[in-house]
Number of protein chains: 2
Amino acid sequence: MKDQPGQTRIQRKNRAAILEAALNVFSQHGFRGATVDQIAREAGLSKPNLLYYFPTKDAIHVSLLSELMDTWLDPLRALDPNGDPTDEVLAYVRRKLELSRDFPRESRLFAQEIVQGAPRIGEALATDLKTLVDDKAEVIRAWSEAGKIAPVDPHHLIFSIWSLTQHYADFDVQVRAVLGPERDPFTEAEGYLDGLFRSMLAPAP
Amino acid sequence: MKDQPGQTRIQRKNRAAILEAALNVFSQHGFRGATVDQIAREAGLSKPNLLYYFPTKDAIHVSLLSELMDTWLDPLRALDPNGDPTDEVLAYVRRKLELSRDFPRESRLFAQEIVQGAPRIGEALATDLKTLVDDKAEVIRAWSEAGKIAPVDPHHLIFSIWSLTQHYADFDVQVRAVLGPERDPFTEAEGYLDGLFRSMLAPAP
DNA sequence: TTTCTTTTTGACCAACCGGTCAAACTCACG
DNA sequence: CGTGAGTTTGACCGGTTGGTCAAAAAGAAA
């Protein structure tokens, strides 16, 4: 009954606890701002015990980021070239907004890495990410060309989807401070973003 | 010929050099990630010499942030209730994008502070910022009501302007990695964002 | 139980950090 | 020039940090 080869029950449990704790601390204080001791305490372990599972603080961070990259791009991968153009884009926006709502710590972790110049995942941006985006941009370009959606730059369209959805996770404090305690940012954002992209993508009559 | 009272020529020069260096380091590594030594070296001073001008590392950071807040909100303050609605909003977008292009370090400094929960300027968000935004949101709401622009939530409209323009500064590495070295993000963004907001704000016929 | 492996920990270390301080140096100005 | 205020620095300090290590404790298998 060994799920992962070479992984004991205790190893699985502790590794998961460490990554969960590290996500909390890293996303709130950044890499340098986080201390191994803090992560260990939050994971219910002693510092040397944590270093038994991950060789360095860096290794934890890299492990989090690489695991994150995949799930973060899943919604874009799901964009179906054979679906209805407007529906596909709007569904992508919705899925991306849900990701921001349900995984804000992951979003902030990613944001901090990029803002600081992507020192740890810069390579993946110019290869894996660019490949995927170029691929989907071509799909969108074809939709534009066929008159199914308004003519827009596909790359900037994707940027604007990232920007608008992640904003509600990354700048959560600011958004809530401005809206006040009575309003729910994510619920409102869903309707607003739907309207925004719908009007921009509406093909010329 | 004393510009600032109680400030010698050397004081002015060194204070400016320190703030300039601190902006570089803080925006790239965050508060905790920056070291006083690093800022001092980049400013061409020794560490104790730097501490002669600013009592603590924290004081430098606060000085930067408070100076930034003002200039950062100037474009929104300039939104004229008596101007043409569409022109005013589009001009705001353009000014905000220029700010991102010309002061990307400032944008990233601000972004890091917010992402980390705004521990140093959180108070100002719920007071000064909210007041200004609520004020301008009311102007926009009136424009919508009068049928001069399409009906949109004014607060989220402002959020989307912040989000879309700052994205090109804060996520510069990612944007350039995806677009490739031949394309210029900011030039393209100007046209794209103009089209985006124009189509969203176009009043129903 | 015994034996072997996996897990946990207290003590420790070298490097680094923000900040202090007294002494030395530099500069403007009479 | 002299003199006093403004400026710079090397040496230093207490606390923190990422990481090591040997040895103890806990599990697993027989």
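Values in this document were obtained by computation on a predicted structure and should not be read as measured data. Throughout, a chain's letter reflects where its sequence line sits, starting with A, and its residues are numbered from 1.
- Here A:Thr56 does not reach the OP1 or OP2 of D:dG18: none of its side-chain N or O atoms lies under 4.0 Å away.
- Contact annotation: B:Arg9 side-chain N/O to D:dG6 OP1/OP2 distance is not under 4.0 Å.
- Taking atom NZ on B:Lys47 and atom P on C:dT20, their separation rounds to 11 Å, with Å as the unit.
- Comparing C:dT20, C:dC17, C:dT9 against the side chain of A:Arg32 picks out C:dC17 as the nearest.
- Taking atom OH of residue B:Tyr53 and atom C1' of nucleotide C:dG19, one finds them 18 Å apart after rounding to whole Å.
- Between the side chain of A:Lys57 and the base of D:dG19 there is no donor-acceptor pair of N/O atoms closer than 3.5 Å.
- Atoms NE2 (B:His29) and P (C:dG18) sit 13 Å apart, rounded to a whole Å.
- For the pair A:Leu50 CG and D:dT20 P, the computed distance is 12 Å after rounding to whole Å.
- Nearest to the side chain of A:Leu51, among C:dT7, D:dG19, C:dC17, sits D:dG19.
- Side-chain atoms of B:Glu20 do not come within 3.5 Å of backbone N or O of B:Ala17 as any donor-acceptor pair.
- Between A:Asn49 and the phosphate of C:dT9, there is a side-chain N or O to OP1/OP2 separation shorter than 4.0 Å.
- No contact: A:Phe54 has no heavy atom under 4.0 Å from any strand.
- Within 4.0 Å (heavy atoms only), B:Ala34 reaches sugar-phosphate atoms of the nucleic acid but no base atom.
- Atom CG in A:Leu45 sits about 11 Å away from atom C1' in C:dT7, given to the nearest Å.
- Position along DNA chain C of the nearest nucleotide to B:Asp58 versus A:Lys13 favours A:Lys13 as the more 5'-ward residue.
- Nearest to the side-chain atoms of A:Thr8 among the listed nucleotides C:dT7, D:dT8, D:dG18 stands C:dT7.
- With A:Phe103 as the aromatic partner, A:Arg108 does not meet the cation-pi criteria of under 6.0 angstrom to the ring centre and within 45 degrees of the ring axis.
- When each of B:Phe31 and B:Ile10 is assigned the nucleotide of DNA chain C bearing its nearest heavy atom, the one mapping closer to the 5' terminus is B:Phe31.
- Put simply, CG on B:Asn14 is 12 Å from C1' on D:dG6, counting in whole angstrom units.
- Checked against the 6.0 Å centroid criterion, the rings of A:Tyr168 and B:His156 qualify as a close aromatic pair.
- Between A:Ser46 and C:dT8 there is no side-chain N or O to OP1 or OP2 distance below 4.0 Å.
- Proximity note for A:Thr35 (side chain, C-beta onward) versus C:dC21, C:dG18, D:dG18: the nearest is D:dG18.
- With B:Phe31 as the aromatic partner, B:Arg120 meets the cation-pi criteria of under 6.0 angstrom to the ring centre and within 45 degrees of the ring axis.
- Rounded to whole Å, the distance from CD1 on A:Ile60 to C1' on D:dT17 is 14 Å.
- For the pair A:Tyr52 and D:dG19, the criterion of a side-chain N or O lying under 4.0 Å from OP1 or OP2 is not met.
- In this structure, CD1 of B:Ile39 is placed 11 Å from C1' of C:dG18, rounded to the nearest angstrom.
- Distances shorter than 4.0 Å separate none of the side-chain N or O atoms of B:Gln11 from OP1 or OP2 on D:dG6.
- Between the side chains of B:Ser160 and A:Tyr192, at least one donor N or O sits under 3.5 Å from an acceptor N or O.
- A cation-pi contact, defined as under 6.0 Å to the ring centre and within 45° of the axis, is absent between A:Arg105 and A:Phe26.
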